[in-house]
Amino acid sequence: MENKFNFKELQNRPDRLAPGHRMCAGCGGTIAVRNVLKTVHEGDKVVVGNATGCLEVSTFTYPYNSYESSYIHTAFAGAGASLAGVETAYNALKKRGKIDDTYKFITFGGDGGTYDIGLQSLSGAMERGHDMVYVCYDNGAYMNTGIQRSSATPMYADTTTTPAGSVSNGKAQARKDLVAVMAAHNIPYTAQTTFIGNMKDLYEKSEKAIYTPGPAFLNIMAPCPRGWRFDAADMAKICKLAVDTCYWPLYEFDHGKWIINYEPKNKLPIEDFLKPQGRFKHLFKKGNEDLLVAFQEEVDRRWEELQAKANM
């Protein structure tokens with residue numbers, strides 16, 4: 001589908017995530033959620049699913065929540081299964097003529113509830129072909145419970161469970177490529193995006209995911225100023241550096257075709273992305289030059305693999 005956004009019209013749509021929630025000031029997660037929901041067409045209704053995490057504890061306190069839509073909080077492990085069940089019930093009721101409205105089913109989860117604890121139910125929902133969207137707001141750690149590492153945490157990041165110090169260089173493993181895992185399910189649409197410029201990339205991919213029949217998955221880099229240790233005012237700068245270093249390339253897997261949406265004319269060194277973040281400050285100490293080389297090699301390897309898939 002071709003998306004032509006009227007930016008002013010889109011921003012003037014009523015918010016489906018209301019203000020007054022308790023998320024941190026400058027949180028990337030709420031930027032992601034608010035703007036994904038902006039792309040739902042006026043007149044369509046939404047059922048919002050939410051895995052346990054920062055977003056859930058800060059937008060939902062029974063019996064109140066911050067959504068102007070139907071809302072379901074599920075345990076960490078069950079967000080994919082819950083919305084799959086609701087989507088199935090909706091189809092059955094609509095077939096019997098008991099529902100006339102058009103509903104969209106969108107689940108939100110952090111990387112802990114998506115990459116790790118909720119991966120099984122997410123995989124099942126995608127494999128079965130439910131017409132729903134799973135959106136991961138990827139802040140790279142279990143931020144809600146104290147900044148513990150997840151499989152989305154980048155290599156060498158300093159977290160409370162992978163502390164950098166005299167006997168550790170931070171997390172030893174590279175981050176999981178979850179978009180590739182979702183593409184391996186042969187779903188119609190999956191994509192990776194973040195907040196840059198006027199967020200056209202985020203809006204286009206969100207609408208495409210929501211209105212492509214069948215299962216879809218969006219992975220949105222949603223930086224956490226507290227966990228990544230940077231000034232919240234630098235959110236857009238951090239996201240742009242992630243894209244321009246190819247740490248977080250913008251791409252999609254659309255009906256079997258890999259598409260790179262942005263290729264930097266001047267690919268920046270990974271140091272430019274890492275240096276503004278306190279969680280990587282140990283990498284810039286004398287004697288750790290080899291760690292920066294290893295990080296750069298991993299970024300380059302993944303970028304070259306993506307380019308090869310897009311050129312097939």
Side-chain angles (χ1 to χ4, degrees), residues 24 26-29 31-32 110-112 115 136-143 146-179 192-197 201 219-251 260 262-307:
C24 297
C27 171
I31 297 172
D111 50 277
Y115 282 68
C136 177
Y137 63 98
D138 186 341
N139 55 33
Y142 288 84
M143 299 303 181
I147 318 176
Q148 296 90 356
R149 61 90 81 192
S150 76
S151 61
T153 305
M155 63 195 303
Y156 305 136
D158 176 30
T159 75
T160 54
T161 49
T162 58
S166 58
V167 296
S168 170
N169 293 317
K171 186 191 172 198
Q173 302 82 13
R175 61 180 294 275
K176 183 187 293 179
D177 186 351
L178 189 55
V179 173
Q192 184 163 284
T193 187
T194 189
F195 322 133
I196 60 170
D201 190 76
N219 203 26
I220 304 175
M221 190 179 80
C224 171
R226 174 67 183 89
W228 294 20
R229 300 200 286 282
F230 69 90
D231 191 320
D234 293 332
M235 174 76 70
K237 175 185 174 183
I238 293 291
C239 293
K240 186 69 163 60
L241 288 170
V243 172
D244 282 338
T245 57
C246 296
Y247 169 77
W248 194 268
L250 305 179
Y251 66 98
I260 296 175
Y262 172 78
E263 295 201 41
K265 293 179 181 178
N266 177 30
K267 180 172 173 285
L268 299 177
I270 193 61
E271 292 97 313
D272 289 11
F273 170 65
L274 302 177
K275 203 161 191 176
Q277 303 176 53
R279 60 178 178 162
F280 294 116
K281 67 180 181 179
H282 57 289
L283 298 184
F284 296 91
K285 293 181 178 179
K286 188 175 180 180
N288 284 343
E289 293 82 3
D290 59 320
L291 302 181
L292 288 172
V293 170
F295 205 123
Q296 185 69 67
E297 288 175 348
E298 178 65 15
V299 169
D300 292 344
R301 181 188 67 80
R302 293 191 180 203
W303 175 239
E304 288 164 10
E305 285 184 357
L306 178 60
Q307 287 179 309

Query raised in the report: salt bridge (charged side-chain N to carboxylate O under 4.0 Å, His left out) with Asp234: which residues, sequence neighbours excluded?
Result: none
Report task. State whether the side chain of Ser150 and the backbone N or O of Asp111 hold a donor-acceptor pair below 3.5 Å, judged by distance alone. Result -> no
Requested in this report: Verify, without hydrogens or angle tests, whether Trp228 (side chain) and Gly278 (backbone) share a donor-acceptor contact under 3.5 angstrom.
Outcome: no
Report task. With sequence neighbours left out, write down each residue that passes salt bridge (charged side-chain N to carboxylate O under 4.0 Å, His left out) with Glu304, or none if nothing qualifies. Result -> none
Report task. Output yes when Arg301 and Glu298 qualify as a salt bridge under the 4.0 Å nitrogen-oxygen rule, no when they do not. Result -> yes
Query - Distance-minimising heavy-atom pair for Asp290 and Gly287 - result: OD1-O, 3.5 Å
Query raised in the report: How many angstroms lie between CG in Leu241 and CD in Gln277, if you round to the nearest 0.5 Å?
Result: 9.0 Å
Query raised in the report: Quick one: are Tyr251 and Val179 in side-chain contact, heavy atoms under 4.5 Å?
Result: yes
Query - Nearest non-hydrogen partners of Gly26 and Ala232, listed with the distance - result: CA-CB, 4.2 Å
Query raised in the report: Is there a side-chain contact between Leu292 and Tyr156 (heavy atoms, below 4.5 Å)?
Result: no
Requested in this report: Nearest 0.5 Å please: distance from the OG1 atom of Thr159 over to the CD atom of Gln148.
Outcome: 7.5 Å
Report task. Hey, could you give me the CH2/OG1 distance between Trp248 and Thr194, rounded to the nearest 0.5 Å? Result -> 7.5 Å
Query raised in the report: What pairs with Lys267 under salt bridge (charged side-chain N to carboxylate O under 4.0 Å, His left out), at least two apart in sequence or on another chain?
Result: Asp300
Requested in this report: Please identify each residue that fulfils side-chain hydrogen bond (donor to acceptor under 3.5 Å, both in side chains) with Arg226, with sequence neighbours left out.
Outcome: none
Query - Side-chain donor or acceptor of Lys171 paired with backbone N/O of Arg149 under 3.5 Å - result: no
Query - Atom pair NZ (Lys237) and CG (Asp231), whose distance is rounded to the nearest 0.5 Å - result: 10.0 Å
Report summary line: With sequence neighbours left out, the residues meeting ring pair (Phe, Tyr, Trp, His ring centres under 6.0 Å) with Phe273 are Tyr247
Query raised in the report: Glu297 side chain to Phe295 main-chain N or O, any donor-acceptor pair under 3.5 Å?
Result: no
**Report entry** Shortest non-hydrogen contact from Gly29 toward Ala222
**Finding:** N-CB, 3.8 Å
Query raised in the report: Got a second to check how far Glu263's CD is from Trp303's CH2, nearest 0.5 Å?
Result: 4.5 Å
Query raised in the report: Looking only at heavy atoms, which two atoms of Thr153 and Ala141 are closest? And how far apart?
Result: OG1-CA, 3.9 Å
Query raised in the report: Do Ile260 and Pro249 touch side chain to side chain, with heavy atoms closer than 4.5 Å?
Result: no
**Report entry** For Ala242 against Met221, the heavy-atom pair lying closest together
**Finding:** CB-CE, 3.4 Å
**Report entry** Side-chain (Asn288) to main-chain (His282) donor-acceptor, under 3.5 angstrom
**Finding:** yes
Report task. Measure from the side-chain N and O atoms of Thr162 to the backbone N and O of Ala157, and report whether any donor-acceptor pair falls under 3.5 Å. Result -> yes
Query raised in the report: Distance-only, no hydrogens or angles: does the Gln192 side chain make a donor-acceptor pair with backbone N or O of Asn219 under 3.5 Å?
Result: no
**Report entry** All salt bridge (charged side-chain N to carboxylate O under 4.0 Å, His left out) counterparts of Asp158, not counting sequence neighbours
**Finding:** Arg229
Requested in this report: Start with the C-alpha distance between Leu274 and Phe284, add both sets of side-chain angles, then the distance that settles side-chain contact (heavy atoms from CB on, under 4.5 Å), and finish with yes or no.
Outcome: CA-CA 9 Å; Leu274 302 177; Phe284 296 91; 4.0 Å; yes
Query raised in the report: Are any of the side-chain heavy atoms of Asp138 and Leu178 separated by less than 4.5 Å?
Result: no
**Report entry** Evaluation steps, side-chain contact (heavy atoms from CB on, under 4.5 Å), between Ile31 and Tyr137
**Finding:** CA-CA 9 Å; Ile31 297 172; Tyr137 63 98; over 6 Å; no
Report task. Identify the heavy atoms of Arg175 and Tyr115 that sit nearest to each other, and give their distance. Result -> NH2-OH, 2.7 Å
**Report entry** Gap separating the CD1 atom of Ile238 from the SG atom of Cys224, nearest 0.5 angstrom
**Finding:** 12.0 Å
Query raised in the report: Under 3.5 Å, is there a donor-acceptor pair linking the side chains of Asp272 and Thr245?
Result: no
